[in-house]
Amino acid sequence: MSLPIYLIGARGCGKTTIGFALSQALGYAFSDTDHHLQQMTQQTVADIVAAEGWDGFRQRETESLMAVTAPSTVIATGGGMVLAETNRQFMREHGRVIYLNADPRVLAARIEASPQENQRPTLTGRPITEEMAEVLSQRDALYLQTAHHVINAMQEPESVVNAVLETLSIARAS
Ligand SMILES: Nc1ncnc2c1ncn2[C@@H]1O[C@H](COP(=O)(O)OP(=O)(O)OP(=O)(O)O)[C@@H](O)[C@H]1O
Ligand SMILES: O=C(O)C1=C[C@@H](O)[C@@H](O)[C@H](O)C1
Ligand SMILES: [Mg+2]
């Protein structure tokens, strides 16, 4: 059995989209911590934050990370997973960690095109382009220090998947 692969990065970098495609290419299972915690609580991210605040959400996110960790699994994490030292250490120790890197303008354009506000309630109360620049400036160092590898996520999804496979030196399942 192979180590789990964790995808990290900001909202809109493609952790869910690329993660699923990567799992298909590898014949691995796929998990997404945002989906897992929404299933466990039967609430959206926005509902959880409204009821428990971001601190409550972050605690649940850590539980989801640990619950979905399994061999031969691609794990799409939430954009803020790297904020907690426990999560950063856990991912590095239990698998290979890939940072899907993209410019804040590209990320903001993707989120504007597909806001999914229930899953992505505002983090700062500011317009999305400003929020993305601010959040990335605070988190980029955390993504970089947590990742074993950094991949350019501003390519076609298929190219991003191929870049991850090449970086990890793993072959497609078929
Ligand atoms: N490489 C790509 N090229 C173009 N569009 C992309 C790419 N990757 C993802 N997208 C699009 O960007 C949007 C956000 O992607 P996705 O939900 O996978 O991001 P995420 O990193 O999981 O975000 P979150 O942290 O909010 O869960 C989707 O509409 C998706 O189709
Ligand atoms: O960047 C963030 O802090 C977040 C990203 C999403 O994946 C969700 O986990 C949630 O909306 C928080
Ligand atoms: Mg996602």
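For ligands, and for the atoms within them, numbers begin at 1 and follow the listed sequence. The basis for the numbers below is simple: all heavy atoms, side chains too, and nothing from hydrogens, waters or symmetry mates. Sequence positions, counted from 1, serve as the residue numbers for this chain.
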Could you tell me the residue and atom name of the protein heavy atom closest to atom 4 (C) of ligand 2, and the distance to it rounded to 0.1 Å? Arg11 NE, 3.4 Å
May I have the N/O to N/O pairs between ligand 1 and the protein that fall below 3.5 Å, each with atom names and distance to one decimal?
| residue | atom | partner | partner atom | Å |
| --- | --- | --- | --- | --- |
| ligand 1 | 1 (N) | Gln155 | O | 2.8 |
| ligand 1 | 3 (N) | Arg110 | NH2 | 3.4 |
| ligand 1 | 17 (O) | Arg120 | NH2 | 3.0 |
| ligand 1 | 18 (O) | Thr16 | N | 3.4 |
| ligand 1 | 18 (O) | Thr17 | N | 2.8 |
| ligand 1 | 18 (O) | Thr17 | OG1 | 2.5 |
| ligand 1 | 19 (O) | Gly14 | N | 3.3 |
| ligand 1 | 21 (O) | Cys13 | N | 3.4 |
| ligand 1 | 21 (O) | Gly14 | N | 3.0 |
| ligand 1 | 21 (O) | Lys15 | N | 2.9 |
| ligand 1 | 21 (O) | Lys15 | NZ | 2.8 |
| ligand 1 | 22 (O) | Thr16 | N | 3.0 |
| ligand 1 | 22 (O) | Thr16 | OG1 | 2.9 |
| ligand 1 | 23 (O) | Gly12 | N | 3.0 |
| ligand 1 | 23 (O) | Arg120 | NH2 | 3.4 |
| ligand 1 | 25 (O) | Lys15 | NZ | 2.6 |
| ligand 1 | 26 (O) | Arg120 | NE | 2.5 |
| ligand 1 | 26 (O) | Arg120 | NH2 | 3.4 |
| ligand 1 | 27 (O) | Gln119 | NE2 | 3.3 |

Which is it for Leu123 and ligand 2 at heavy atoms under 4.0 Å: side chain, backbone, both or neither? side chain
Listed as residue and atom, the protein N/O/S atoms under 2.8 Å from the Mg ion (ligand 3) are Thr16 OG1
Step-by-step side chain to side chain contact (heavy atoms under 4.5 Å, CB included) determination, His35 to Thr16: CA-CA 10 Å; His35 292 174; Thr16 299; 4.2 Å; yes
For the student: nearest non-hydrogen atoms of Leu142 and Thr146, plus distance: O-OG1, 2.6 Å
Top protein contact for atom 1 (O) of ligand 2, by heavy-atom distance: Arg139 NH1, 2.8 Å
State, with a plain yes or no, whether a side-chain heavy atom of Trp54 is found less than 4.5 Å away from one of Leu123. yes
If every non-hydrogen atom of Tyr28 is compared with every non-hydrogen atom of Leu3, which pair is closest and at what distance? CE2-O, 4.1 Å
Treating Ile, Leu, Val, Met, Phe, Trp and Tyr as nodes and any side-chain heavy-atom pair under 4.5 angstrom as an edge, say whether Ile128 and Leu136 lie in one connected cluster. yes
Please identify which atoms of ligand 2 are closer than 4.0 Å to at least one heavy atom of Gly78. 7 (O), 9 (O)
Within the 4.0 Å heavy-atom shell around Phe57, which atoms of ligand 2 are there? 9 (O), 10 (C)
Arg120 neighbourhood, listing ligand 2 atoms whose heavy-atom distance to it stays under 4.0 Å: 11 (O)
Smallest heavy-atom separation, Thr44 atom then Asn118 atom, equals CB-O, 3.6 Å
Tell me whether Met66 at atom CE has more than 12 heavy atoms from other residues, nucleotides or ligands lying less than 6.0 Å away. yes
My understanding is that we take every heavy atom of each candidate and find the minimum distance to atom 10 (C) of ligand 2. Doing that for Arg60, Gln119, Gln38, which one comes out nearest? Gln119
Measure across Ala29 and Ser23 and return the closest heavy-atom pair with its distance rounded to 0.1 Å. O-CB, 3.6 Å
To atom 3 (O) of ligand 2, the nearest of Met81, Arg58, Glu61 on a heavy-atom basis is Arg58
Modelled atom types, side-chain donor and acceptor of Arg92 and Asn87, under 3.5 Å: no
Under 4.5 Å between any side-chain heavy atoms of Glu131 and Arg11, yes or no? yes
Under the salt bridge (Lys or Arg N to Asp or Glu O under 4.0 Å) test, residues paired with Arg120 that sit two or more places apart: none
For residues 148-157, which side-chain N or O atoms pair as donor and acceptor with protein atoms under 3.5 Å away, sequence neighbours left out?
| residue | atom | partner | partner atom | Å |
| --- | --- | --- | --- | --- |
| His148 | ND1 | Val97 | N | 2.9 |
| Asn152 | OD1 | Met154 | N | 2.8 |
| Gln155 | NE2 | Asn152 | O | 2.8 |

If every non-hydrogen atom of Val68 is compared with every non-hydrogen atom of Thr73, which pair is closest and at what distance? O-CG2, 4.3 Å
The protein heavy atom nearest to atom 6 (C) of ligand 2 is Asp34 OD2, 3.5 Å
